[in-house]
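Beneath this line is the structure, given in structure tokens, with notes to follow.
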Amino acid sequence: MSIITLQSVKKDFGIKEILKDASFSLDVTDKVGLIGTNGSGKSTLLKMIAGLEPIDSGQILVNSGSKIIYLPQQPDLDENRTVLEQIFADSGEHMALVREYEELSDKLAHYPEDSQLMSRLSAVMQQMDATGAWELETNAKIILTKLGILDFDAVIGTLSGGYRKRIALATALLSEPDVLLMDEPTNHLDALSVEWLQSYLNRYRGALFLITHDRYFLDRVTNRIIEIDRGDIYTYTGNYSYYLEKKALAEESAVSTQRKHQGVLRRELEWLKRGPKARSTKQKARIDRIHAMRETEFKQANGKVDISTVSRRIGKKVIEINNITKAYNQRTLIKDFTYEFSPEDRIGIIGGNGAGKSTLMDIITGRVQPDSGNVEIGATIHIGYFDQHSEELLTALNENQRVIDYIKEEGEFVQIADGTKITASQMLERFLFPGNQQYAPIHKLSGGEKRRLFLLRVLIGAPNVLILDEPTNDLDVQTLAILEDYLEDFSGSVIVVSHDRYFLDRTVDTIFSFEEGGILRQYPGNYSVYLDYKKAEEAAQQETVNQEKAIKVEVEKTASLPKESDNKKRNRLSTWEKREFEQLEGKIAQLEAEKAEAEKALLNVTPGNYTQVQKLYEQVEALKQAIDTATERWLELAEIES
């Protein structure tokens, strides 16, 4: 059953036609991913469905009584509210009960004998039972915790933009609407939070209509893809992988159709040039058909960003980080970190929100000084820093500057990969900024277009070290794919800070993970390989716990056995002890064999694979302890038996 229907909807901003004649419907079971290049109108379409942006013509029909919640990229929250107050803002009765319950509980902690307080608390608890406020509060705290929000009493005005986005996301999820419209919900979420959100939305019973650059997320959450391409709407029934397959086939078919059309037209034009005498009706019809064929227009393949900038020569010395430490407010973000970057490095930096990833990038680029240690930059190194706050910088500093003037600040001409020079205007066209946009002020661009413009400015500076801090935020999936291809051939060092699992899998071969206490731990491979290491570590830790539990059980059994008399030694084993004595010899032999295998594996670990070394070392130590315990027990029983 359709819950939202668009009929012949049109939208035009003057310099750009957003929708020509859009018609589609959203069913109650749909989980739709909306894709298209930056500036194609994705966010505008969501706002029109939410009723926040007018349409030029057509109509949008919504089922009566349907609850629609819209989560924008930059939500507007009340800065004076606490986190929980914001979460329950649309749940007036529930919020009042929860607040009164917490106030009464606090007072009773100080005045436990106050019968009036106790009576009122009992009444409030009954009301919470009746209205379901208990469950609402519990769900709210679970969702907030999963999204990395732990201080429920924090005031919104004191929180960063990333925290506000997550609070708005939690509010939207808790409201359980019939339709959830989400614009880049994974922005500002770390990988674990994205995994949780992905799982949550898979179980969500309402309809979803979302924009996201996270292709793993898009692939695993959606069952339908809608693409906006230069004002036209195309629908694909399936997830992102299905869309890619069908899109490729459609483009091949379109090229084939155009090629056939051109072949027929060429033959018909040759016939026309021979000067046929238009005497018969058939000949006149054929001439009319040729004229109609000449006027037929084919939609060209969707424009793609052309990243073909050059990079400078890079020397042997790139960046050397020497034992740096950085702390804020007595919290250590980075502790004793040392690393020497090589010209071929492809490094991914991961960690929770606020772990210190951007701080590390700022230290490398000299924006922030470490508390101790130092950073040395090679003489030939030119760093291109794609800052995650680039859009804010562009808007704050240059909002009235024309697009082309912003690029010309780097130079009137740009050298591309083949060595030739092109104008700044031509380079902008390669980055999908047509002529009419080039002379528009920057504030006219969408968030994604601003990010793409900033990326262009970074790349035309010909860096030989690229630092990309959350590059996937607000860039469309098409541009990301081109950027990934570019990085594969980039002749320099690349450092990526990202929570985008797909992007990390495509672009890096080493992961640095921020661990507890500001420790940066190195893992070989891309993000998926890192996950495999973490799963293996968790399995090894669980095995160690299990072995420790088994040893504890053995010790408790030993302690529960009858004690020898102070002046009389037992000279017989019980039936249970005899069975234990017989089994221990085989058990010790098995443990010895396992230890030998682990020690052999330890000797054969690939140099530099610190994770595997640590895992095997812990396994050997646990086996040694188990062998000692079993041997000690065997000797004890053997003495009695003798």
Side-chain angles (χ1 to χ4, degrees), residues 33-40 42-43 71 73-74 161-162 165-166 169 182-195 197-198 210-222 240 243-244 304-305 307 346-353 355 357-358 361 384-394 431-432 445-459 466-488 490 494-509 511-512 526-528 530-531:
L34 181 62
I35 65 175
T37 58
N38 291 133
S40 60
K42 301 187 296 295
S43 295
L71 178 68
Q73 289 192 45
Q74 297 177 329
K165 177 66 178 285
R166 280 179 274 159
L169 173 58
M182 310 174 82
D183 196 345
E184 296 290 2
T186 62
N187 277 5
H188 307 293
L189 296 184
D190 58 33
L192 290 177
S193 296
V194 172
E195 289 277 359
L197 179 60
Q198 179 178 292
L210 61 90
I211 301 167
T212 181
H213 61 265
D214 189 321
R215 285 151 290 178
Y216 281 151
F217 189 86
L218 197 61
D219 202 44
R220 294 166 187 172
V221 170
T222 64
Y240 183 66
Y243 155 78
L244 290 176
K304 292 182 179 179
V305 174
I307 301 179
R346 297 290 188 273
I347 305 293
I349 310 290
I350 63 173
N353 289 300
K357 303 184 297 296
S358 294
M361 299 304 101
Y385 189 10
F386 187 56
D387 191 335
Q388 67 168 311
H389 302 298
S390 56
E391 180 190 338
E392 297 172 19
L393 291 171
L394 277 169
F431 262 64
L432 304 186
L445 302 179
S446 69
E449 286 173 322
K450 290 175 183 175
R451 292 278 284 170
R452 192 183 339 126
L453 180 66
F454 188 74
L455 175 62
L456 171 58
R457 171 128 176 195
V458 169
L459 294 181
L466 267 176
I467 296 179
L468 307 174
D469 191 357
E470 296 294 359
T472 63
N473 284 359
D474 297 326
L475 287 181
D476 58 72
V477 294
Q478 294 92 335
T479 301
L480 287 176
I482 301 300
L483 178 58
E484 289 158 359
D485 291 338
Y486 170 79
L487 293 178
E488 283 186 6
F490 179 72
V494 177
I495 307 169
V496 177
V497 175
S498 182
H499 63 269
D500 190 311
R501 302 155 294 173
Y502 191 102
F503 190 82
L504 288 171
D505 278 351
R506 282 284 317 268
T507 58
V508 308
D509 53 28
I511 293 287
F512 275 101
N526 61 17
Y527 186 76
S528 290
Y530 157 79
L531 288 180

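What you see below is based on every heavy atom in this structure, not just the backbone, and it leaves out hydrogens, waters and symmetry mates.
For the residue pair S446/N38, the side-chain donor-acceptor check at 3.5 Å is not satisfied. Checked by atom type, the side-chain pair Q73/D183 shows a donor-acceptor distance below 3.5 Å.
Between the side chain of K165 and the backbone N or O of T186 there is no donor-acceptor pair closer than 3.5 Å. When atom types are taken as modelled, the side chain of T507 and the backbone of F503 share a donor-acceptor pair closer than 3.5 angstrom. With H213 contributing its side chain and T472 its backbone, the two residues share a donor-acceptor pair below 3.5 Å. Between the side chain of D505 and the backbone N or O of Y527 there is at least one donor-acceptor pair closer than 3.5 Å.
Between the CD1 atom of I307 and the CG atom of L487 there is a distance of 7.5 Å, given to the nearest 0.5 Å. Summarising the geometry, atom CG belonging to N526 is positioned 9.0 Å from atom CG belonging to L531; distances are rounded to the nearest 0.5 Å. For the atom pair CE (M361) and CG (D387), the distance works out to 11.5 Å, reported to the nearest 0.5 Å. For the atom pair E470 CD and D500 CG, the distance stands at 8.5 Å (nearest 0.5 Å). Distance CG/L445 to CZ/F454: 14.0 Å, rounded to 0.5 Å. If you take CD on E184 and CG on L189, they are separated by 11.0 Å, rounding to the nearest 0.5 Å.
The shortest distance between side-chain heavy atoms of T212 and T222 does not fall below 4.5 Å. Annotation: side chain of M182 is in contact with side chain of L169 (closest heavy-atom distance under 4.5 Å). Counting heavy atoms from C-beta outward, R452 and T479 have side chains that approach closer than 4.5 Å.
Looking at every heavy atom in both residues, R451 comes nearest to N473 through NE-O, 2.9 Å. Closest approach of P185 and I211 over heavy atoms only: CD-O, 3.3 Å. When every heavy atom of T37 is checked against every heavy atom of K42, the shortest pair comes out as O-NZ, 3.2 Å. Of all heavy-atom pairs between A355 and G351, the closest is CB-C, 4.3 Å.
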Walk me through it: do L459 and F431 pass the test side chain to side chain contact (heavy atoms under 4.5 Å, CB included)? CA-CA 11 Å; L459 294 181; F431 262 64; 4.2 Å; yes
When you look at R501 and E195, which way does the salt bridge (charged side-chain N to carboxylate O under 4.0 Å, His left out) test go after all the steps? CA-CA 10 Å; R501 302 155 294 173; E195 289 277 359; 3.1 Å; yes
Evaluation steps, side chain to side chain contact (heavy atoms under 4.5 Å, CB included), between L504 and I350: CA-CA 10 Å; L504 288 171; I350 63 173; 3.8 Å; yes
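Residues meeting the ring-ring contact (aromatic ring centres under 6.0 Å, His included) test with F512, sequence neighbours left out: F337, Y339. Residues forming a side chain to side chain contact (heavy atoms under 4.5 Å, CB included) with V477 (at least two apart in sequence, or on another chain): R215, Y240.
Of the residues I511, V508, V497, the one that meets the side chain to side chain contact (heavy atoms under 4.5 Å, CB included) test with I349 is V497. Among the candidates L218, D214, D219, the single residue satisfying the side chain to side chain contact (heavy atoms under 4.5 Å, CB included) test with Y216 is D214. Each of I467, L466, L468 was scored for a side chain to side chain contact (heavy atoms under 4.5 Å, CB included) with V458, with one residue passing: L466.
Residues R506 and E488 are paired through a salt bridge, judged by an N-O separation under 4.0 Å between the basic side chain and the carboxylate.
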